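Everything numeric in this text was worked out from a predicted model, so none of it was measured. Remember, it's 1-based here, ligands and their atoms both numbered in the order they're listed.
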Amino acid sequence: MLDSIATVSLGGTLREKLEAIAEAGFEAAEIFENDFVASDLSAVDLRLLMADLGLRNVVYQPFRDFEGLAGAERVRAFDRAQRKFDLMQAMGTDLLLVCSSTLEDASGEHGRIVADFRELGERAADRGLRVAYEALAWGRHVNDHRVVADIVRQVALPSVGIVLDSFHSLSRNIPVSSLEELDPRSIFLVQMADAPVMDMDLLQWSRHFRCMPLQGGLPVAEWVAALMRIGYQGPLSLEIFNDRFRTGFSKTIAVDGRRSLIALRDDAARLAGAPPILPPRSAAALEFVEFSAVQDDEGALAGMLQAIGLRKVGRHRQRAVELWQGAGNTHVVINRESQSMAGSFGLMHGQGICAVGVRVPNRADAALRGKALGMSILEDLADDLSRQAIPAVRGVGGSLVYLLDDEALDGLWQREFDLEAVDPSPVTEPILGFDHLASIVRYDEFLSWLLYWTTLFDLRACQEIDLIDPGGVVQSQALENHDGSLRLTLNGALGARTLASRFERNFLGSGYQHLALRTNDIFASAGQMKRAGLPTLSIGRNYYDDLQARFGLDDAFVARLAAYNILYDRDAAGGEFFQIFSRAIDRVFFFEIVQRKNSYNGYGAANTQVRLTAQRRAGDASNTDWLPG
Ligand SMILES: O=C(O)c1ccc(O)c(O)c1
Ligand SMILES: [Mg+2]
């Protein structure tokens with residue numbers, strides 16, 4: 001299958017789009033008519049440019065409202081087609097995509113449509129060209145690829161074929177198995193798009209919400225697997241209409257497109273029982289979190305960890321790096337080494353998480369998969385943490401994701417850190433481990449990071465939700481592995497006044513905004529934080545009154561929650577969730593302490609507006625010293 005992308009999928013001028021497409025490693029592109037019409041490149045310029053960039057022009061598209069016309073209108077439609085044939089020959093493509101008519105007065109009679117395509121096909125063949133018919137999901141009469149296949153079969157010309165578009169078929173729930181009835185030689189082009197599962201008008205859904213395969217919720221891998229089973233070998237071409245992709249950087253979007261196609265072909269090969277292309281997604285668990293604290297003169301971070309219930313357990317043998325630990329193997333590294341990656345990160349962003357370590361079954365395989373997906377892999381970072389080579393993937397905000405397997409982890413802390421020098425007694429505080437890591441990402445990079453995490457690791461993307469901040473709406477999505485040992489949230493806001501946007505400005509870009517640690521006793525944790533003098537985010541009385549009304553809680557319990565500023569949630573199955581938020585260090589980074597009871601698996605979304613409003617009142621992340629708030 002040839003990796004291709006339609007120019008409509010990217011922002012920029014036609015030249016910029018094609019350059020980004022070539023640089024990302026695509027072999028081919030579809031030329032979308034509006035991009036060509038708006039360009040000042042002639043058809044011959046375009047052919048030379050694409051040849052220069054090593055790109056094949058697989059199709060000129062779309063040719064609209066062609067079939068089912070009569071009289072003068074029909075003659076005009078054929079005239080239009082002749083003009084496009086001239087253009088196609090000059091620009092160097094032999095295929096014209098004809099999408100099904102949306103005209104009110106076009107006939108839907110199959111006999112007439114077959115006759116139209118037979119005539120068009122003959123005219124195309126005379127010039128060595130081909131045409132392919134695509135069913136738009138909102139086509140006036142033809143909106144199903146099975147109907148297109150039927151018509152193409154009846155036309156019975158080698159110059160007339162089918163365009164399949166995963167969006168049009170999957171948005172209308174047409175069974176994937178219907179592909180297995182198709183003759184692969186009749187399929188001239190396969191267009192790929194995913195989309196979030198929504199209940200909305202098909203045209204609006206298609207024109208604004210399509211996304212790259214594996215960024216949405218349609219069964220795109222099953223779709224491609226079916227094509228593999230029937231032996232389709234033609235172009236697999238991304239055709240993504242998405243408002244955000246048009247505003248994003250075309251190079252980033254093109255790289256995402258390639259990543260998505262490679263991962264998709266690999267997933268599909270596995271489903272089809274063909275040899276996989278990549279090592280599998282790694283099962284991953286969060287092993288440690290590393291903070292850059294080069295500017296932490298007052299030790300605010302260490303003080304906070306201490307108050308939460310972690311203990312300093314080791315000092316690095318050579319460097320200004322500390323190891324902190326909670327009960328349940330929670331490792332937190334505080335790095336104050338200025339001549340290091342953490343040092344550079346801290347100069348740029350201030351205090352914050354500069355790296356995370358995840359445990360994977362095989363670090364070489366994980367790195368290989370990342371590399372094949374076009375990720376930036378730092379191969380042998382014998383850096384601050386370890387003298388042993390540990391591969392790392394560059395992640396959000398320039399931070400690193402270390403890939404650690406059992407071999408890399410074996411004796412890592414003992415070897416690199418002096419564990420006796422500090423406090424050898426076991427940590428007994430109620431902190432059990434990491435719960436989740438919350439990242440803030442630029443709004444137009446939201447889907448890029450979603451794709452990054454879900455193509456590298458074995459993570460499930462939960463339903464995307466909207467969070468209400470007093471400064472605007474925040475898009476939020478959780479990614480989690482099967483046992484909850486790696487949980488991440490992505491949050492992105494369009495407006496400038498949300499906590500998320502303020503973080504992004506203060507931090508100079510995307511990054512991790514808070515770390516949630518899990519306790520087995522929220523009241524014990526709350527008591528300890530209070531005794532240690534750690535200020536927590538203050539929650540108003542109205543919240544507790546509402547909580548009591550909603551859940552029918554008893555007075556004493558609610559009073560206890562309120563006394564410690566604990567937020568509470570309960571799910572339909574009786575699972576319970578407790579949350580406490582710290583104030584933010586440097587008004588940027590904060591901690592959350594959570595307790596999950598009875599298999600509660602959410603993130604307290606119902607409490608988020610209350611939390612974000614409290615943070616706004618407290619002035620967290622509104623660092624107005626040097627930037628307008
Ligand atoms: O939205 C459209 O008009 C449109 C045009 C061409 C396509 O291939 C398509 O899938 C949609
Ligand atoms: Mg299409």
Side-chain angles (χ1 to χ4, degrees), residues 1-10 14 17 28-38 57-67 77 80-81 84 87-88 93 95-104 106 117 130-149 151-152 160-172 174 179 182 186-195 198 200-213 216 218 220 223-224 227 232 234-246 257 260-261 264:
M1 290 180 178
L2 194 70
D3 283 359
S4 168
I5 182 170
T7 55
V8 73
S9 315
L10 306 176
L14 183 55
K17 291 175 189 231
E30 297 182 42
I31 300 299
F32 199 74
E33 181 158 76
N34 292 3
D35 288 326
F36 176 72
V37 171
N57 181 342
V58 286
V59 75
Y60 184 71
Q61 72 122 329
F63 191 65
R64 297 184 190 273
D65 299 329
F66 159 73
E67 75 280 27
R80 271 200 295 133
K84 300 304 168 191
L87 199 56
M88 286 160 55
T93 183
L95 186 61
L96 180 68
L97 177 154
V98 181
C99 57
S100 58
S101 182
T102 57
L103 295 179
E104 289 281 321
F117 273 99
R130 302 176 300 153
V131 298
Y133 192 22
E134 175 186 26
L136 295 181
W138 55 91
R140 181 84 179 87
H141 300 289
V142 174
N143 54 23
D144 185 323
H145 69 251
R146 291 169 295 191
V147 175
V148 161
I151 289 167
V152 165
V160 178
I162 305 165
V163 174
L164 292 174
D165 181 317
S166 61
F167 178 86
H168 293 305
S169 300
L170 296 174
S171 64
R172 299 188 65 253
I174 298 170
L179 299 181
L182 302 177
S186 70
I187 307 170
F188 288 1
L189 178 67
V190 173
Q191 295 179 318
M192 290 307 307
D194 200 341
M198 297 194 279
M200 76 182 292
D201 174 72
L202 290 170
L203 185 142
Q204 297 301 332
W205 190 15
S206 176
R207 292 260 174 94
H208 303 284
F209 296 94
R210 286 189 184 209
C211 55
M212 307 285 180
L218 301 179
V220 286
W223 168 275
V224 176
L227 293 169
Y232 172 75
L236 202 58
S237 192
L238 298 170
E239 191 202 35
I240 322 279
F241 303 83
N242 182 300
D243 299 346
R244 261 188 275 182
F245 292 177
R246 293 181 197 269
S260 132
L261 267 187
L264 175 70

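In terms of modelled atom types and a separation under 3.5 Å, the side chain of D194 and the main chain of C211 share no donor-acceptor contact. With hydrogens and angles disregarded, a donor-acceptor distance shorter than 3.5 Å links the side chain of T93 to the backbone of N57. Remark: the backbone N or O of F167 is paired with a side-chain donor or acceptor of S171 at under 3.5 angstrom. With hydrogens and angles ignored, the 3.5 Å screen pairs no side-chain donor or acceptor of R140 with any backbone N or O of A106.
Sorting the N, O or S atoms of D165 by how far they are from the Mg ion (ligand 2) puts OD2 first. Taking the Mg ion (ligand 2) as reference, E134 places its N/O/S atom OE2 nearest.
Every salt bridge (charged side-chain N to carboxylate O under 4.0 Å, His left out) that E239 has, sequence neighbours left out, goes to R210.
In this structure the side chain of L179 reaches within 4.5 angstrom of the side chain of L227, judged on heavy atoms.
Using a cut-off of 2.8 Å, one finds that Q61 contributes no N/O/S atom close to the Mg ion (ligand 2).
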Pairs under 3.5 angstrom, nitrogen or oxygen on both sides, ligand 1 versus protein: list them out, please.
unit_1: ligand 1; atom_1: 1 (O); unit_2: R207; atom_2: NE; d: 2.6
unit_1: ligand 1; atom_1: 1 (O); unit_2: R207; atom_2: NH2; d: 3.3
unit_1: ligand 1; atom_1: 3 (O); unit_2: R64; atom_2: NH1; d: 2.6
unit_1: ligand 1; atom_1: 3 (O); unit_2: R64; atom_2: NH2; d: 3.0
unit_1: ligand 1; atom_1: 3 (O); unit_2: R207; atom_2: NH2; d: 2.8
unit_1: ligand 1; atom_1: 8 (O); unit_2: E134; atom_2: OE1; d: 2.6
unit_1: ligand 1; atom_1: 8 (O); unit_2: E134; atom_2: OE2; d: 3.1
unit_1: ligand 1; atom_1: 8 (O); unit_2: Q191; atom_2: OE1; d: 3.1
unit_1: ligand 1; atom_1: 8 (O); unit_2: E239; atom_2: OE1; d: 3.2
unit_1: ligand 1; atom_1: 8 (O); unit_2: E239; atom_2: OE2; d: 2.6
unit_1: ligand 1; atom_1: 10 (O); unit_2: E134; atom_2: OE2; d: 3.1
unit_1: ligand 1; atom_1: 10 (O); unit_2: D165; atom_2: OD2; d: 2.9
unit_1: ligand 1; atom_1: 10 (O); unit_2: H168; atom_2: NE2; d: 2.7
unit_1: ligand 1; atom_1: 10 (O); unit_2: R210; atom_2: NH2; d: 3.1
unit_1: ligand 1; atom_1: 10 (O); unit_2: E239; atom_2: OE1; d: 2.8

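To the nearest 10 degrees, the angle centred on the Mg ion (ligand 2) between OE1 in Q191 and OE1 in E239 reads 100°.
Between R64 and E33, no side-chain nitrogen of the basic residue sits less than 4.0 Å from a carboxylate oxygen of the acidic one, so the salt-bridge criterion is not met.
For T102 and D65, the side-chain atoms include at least one donor-acceptor pair closer than 3.5 Å.
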